[in-house]
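Start at 1 and go down the list; that is how both ligands and their atoms are numbered.
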Amino acid sequence: MMKVFRADLLTMKDRELFFIEDAAMLVNEDGKISEIIEFNKLSDEFLNEVSDLRPCLIMPGFIDTHVHYPQTNMRGSWSGSLLEWLMDVAYKEEGKFRNETYSKSIACSFLDNLLSNGTTTALSYGSSFKRADEILLETAYEKGYPLITGMVFMDREVDGNLKVDAQKAYDDHKTLSRKWRKKGRIDVALTPRFAISCTEEMLNVCKAIATDDNDIIIQTHLSESKEEIKKVRELFPESRYYLDVYLKYDLVKEKSIFAHCIHLSDYEWEILREKGSSISHCPSSNLFLGSGLFNYRKARDLKIKTGIGTDIGAGTSFSLLHNAELAYYIQKIQGYNMMPVDLFASITSGAAEVLGLQDQIGTLEKGKYADFVVIAPENDSNFLERYKTEENINEKLFLIIMSGQERLISRVYISGNLAYKKG
Ligand code: GUN
Ligand code: ZN
């Protein structure tokens with residue numbers, strides 16, 4: 001049976017904002033959009049199927065290009081900069097994922113947090129424990145949540161209990177892949193944590209996996225802090241630049257997603273462009289750890305696909321709207337005044353391109369999944385008056401981003417099914 005949703009609708013079309021006042025969005029039984037039209041053009045046969053969401057605004061579900069499931073419970077923990085924070089806080093928490101009961105409870109809380117913030121697809125890091133990652137995959141699958149994740153590979157510079165030797169990492173990854181790779185809307189990503197925590201043997205395992213499974217998403221961290229770069233130099237003296245480490249093991253590909261990319265040399269920028277790889281920019285995390293200021297203008301000028309990541313739990317908020325707000329500040333302080341449309345793209349259509357899923361998600365249009373967020377301006381009385389009187393859609397969108405945290409989101413749909421409703 002066809003479902004019909006009635007509301008104002010905002011999406012991206014041909015890299016511009018596209019707004020329809022009082023739209024009807026028709027969704028077929030596969031959970032995909034079959035048509036978007038003005039409501040007054042809707043044929044009478046569908047009038048009984050209409051879910052009337054007025055006076056809300058619907059927009060594409062947000063896409064988180066970088067988040068850590070096992071860090072859900074450690075947001076906002078006081079520590080030093082990146083490498084200290086990893087040792088003192090992150091690895092300690094991740095060690096708890098040896099326990100299945102704990103993993104299950106965090107998997108549920110992780111998915112609930114994504115949903116209540118309007119995130120309808122996420123690329124997440126798993127833990128070092130295969131069972132904990134399987135629990136996340138199973139939980140997402142049962143809920144119909146489109147999740148991409150992979151077991152984190154680490155075999156050095158980390159607490160002993162999180163180390164996995166290279167052969168076991170290979171075997172566990174293959175076991176997870178056999179069951180979960182492209183299973184419905186779930187997928188598995190190859191996830192070497194970063195150069196520092198991987199020996200050459202581990203990087204060779206990654207190379208073997210990525211060669212064998214040529215279109216798998218590869219996610220890792222790159223050039224987040226100066227201290228990290230220095231350590232990479234020490235550990236890989238033969239590599240002139242950080243990215244050379246990944247390059248040496250054929251891990252810089254079209255479906256490679258590098259988080260942070262704050263302190264890149266021109267050489268590294270050029271390699272990313274040439275290889276068609278993507279960047280996940282993580283504003284909240286970069287500010288929290290004091291890692292530095294990402295150069296969004298450069299990514300844009302070089303046409304490097306870039307999306308935003310919450311990077312929970314160095315990032316403190318699951319909200320991509322809030323992270324887009326912080327992205328705006330980070331650019332503005334560097335003299336680049338980002339447009340609302342570019343902020344919006346970085347959490348919707350642009351993020352879909354980063355994941356290589358632009359044919360399925362990221363905009364509301366015929367043939368894509370009906371993953372969408374229902375924004376209710378009346379949930380915030382301060383915001384409501386300005387929203388109502390503002391005619392320009394750019395201004396409306398900017399208002400949503402600047403004040404648009406969780407409270408504005410009243411419902412979230414995935415594949416046309418209600419996945420979250422505000423309490
Ligand atoms: N680099 C390697 N691991 C991590 C992590 O968990 N968080 C952040 N922000 N950077 C990392
Ligand atoms: Zn991260």
Side-chain angles (χ1 to χ4, degrees), residues 64-97 106 110 122-129 132-133 148-159 162-164 189-199 202-203 206 217-232 235 242-243 245-246 251 256-264 278-294 307-318 320 323 326 330 354:
D64 193 339
T65 58
H66 184 97
V67 58
H68 294 255
Y69 136 69
Q71 296 178 10
T72 300
N73 222 9
M74 46 153 287
R75 282 166 281 159
S77 304
W78 193 91
S79 180
S81 57
L82 173 66
L83 300 182
E84 285 169 296
W85 172 85
L86 281 171
M87 285 296 177
D88 297 347
V89 186
Y91 294 157
K92 288 216 165 65
E93 175 66 17
E94 293 190 20
K96 297 183 187 166
F97 286 72
I106 299 294
F110 175 67
L123 171 62
S124 179
Y125 283 54
S127 73
S128 316
F129 304 103
D133 303 331
I148 309 167
T149 188
M151 182 173 147
V152 160
F153 289 0
M154 296 189 263
D155 67 343
R156 71 160 163 202
E157 300 283 335
V158 60
D159 300 354
L162 292 180
K163 266 187 205 157
V164 181
L190 175 59
T191 312
R193 186 172 206 126
F194 65 158
I196 291 177
S197 60
C198 295
T199 61
M202 185 65 97
L203 291 165
C206 293
I217 287 179
I218 304 169
Q219 56 174 346
T220 191
H221 298 84
L222 174 66
S223 211
E224 179 175 1
S225 83
K226 295 209 166 134
E227 183 192 25
E228 173 203 22
I229 296 167
K230 188 162 165 270
K231 179 117 192 171
V232 171
L235 293 171
Y242 191 161
L243 189 57
V245 177
Y246 299 135
L251 297 173
S256 304
I257 301 165
F258 296 98
H260 306 297
C261 298
I262 297 172
H263 308 283
L264 296 180
S278 302
I279 294 174
S280 176
H281 166 42
C282 305
S284 165
S285 162
N286 296 165
L287 295 170
F288 182 75
L289 293 175
S291 303
L293 305 175
F294 175 66
I308 286 184
T310 59
D311 196 22
I312 296 297
T316 54
S317 166
F318 271 96
L320 280 163
N323 272 279
L326 298 180
I330 290 174
V354 165

* To do: Please work out which of the three classes, parallel, tilted or perpendicular, describes the rings of Tyr125 and His221, given edges at 30° and 60°.
  => tilted
Quick one: which ligand 1 atoms are inside 4.0 Å of a heavy atom on [X]?
X      : value
Ser285 : 9 (N)
His68  : 5 (C), 6 (O), 7 (N)
Leu82  : 8 (C), 10 (N), 11 (C)
Phe194 : 1 (N), 2 (C)
Ala314 : 9 (N)

* Asked: Between Glu228 and ligand 1, does any nitrogen or oxygen pair lie at a separation below 3.5 Å?
  -> no
Mind checking whether [X] and [Y] have side chains closer than 4.5 Å, heavy atoms only?
X      : Y      : answer
His281 : Ile330 : yes
Val164 : Phe129 : no
Leu222 : Ile279 : no
Glu93  : Pro70  : no
Asp311 : Phe288 : no
Ile257 : Ile218 : no

* To do: Just need the protein heavy atom nearest to atom 7 (N) of ligand 1, so name the residue and atom and give the distance.
  => Trp85 CZ3, 3.5 Å
* Asked: Heavy-atom contacts under 4.0 Å between Ile196 and ligand 1: side chain, backbone, both, or neither?
  -> neither
* Structure fact -> For the Zn ion (ligand 2), the nearest N/O/S atom on Asp311 is atom OD1
* the Zn ion (ligand 2) - closest N/O/S atom in His68 -> NE2
* Nearest to atom 2 (C) of ligand 1 by heavy atom, His221, Glu94, His260: which? -> His221
* To do: May I ask which of Glu224, His66, Met154, Arg193 has a heavy atom nearer to atom 8 (C) of ligand 1 than the others do?
  => Glu224
Examine [X] and say whether one of its N/O/S atoms is closer to the Zn ion (ligand 2) than 2.8 Å.
X      : value
His260 : no
His66  : yes
Glu224 : no

* Where the side chain of Ser225 meets the backbone of Leu82, is there a donor-acceptor pair that is under 3.5 Å apart? -> no
* Asp64 side chain vs Thr310 backbone, donor-acceptor pair below 3.5 Å -> yes
* Under the criterion side chain to side chain contact (heavy atoms under 4.5 Å, CB included), which of Val158, Leu162, Asp133, Thr191 is the partner of Val152? -> Thr191
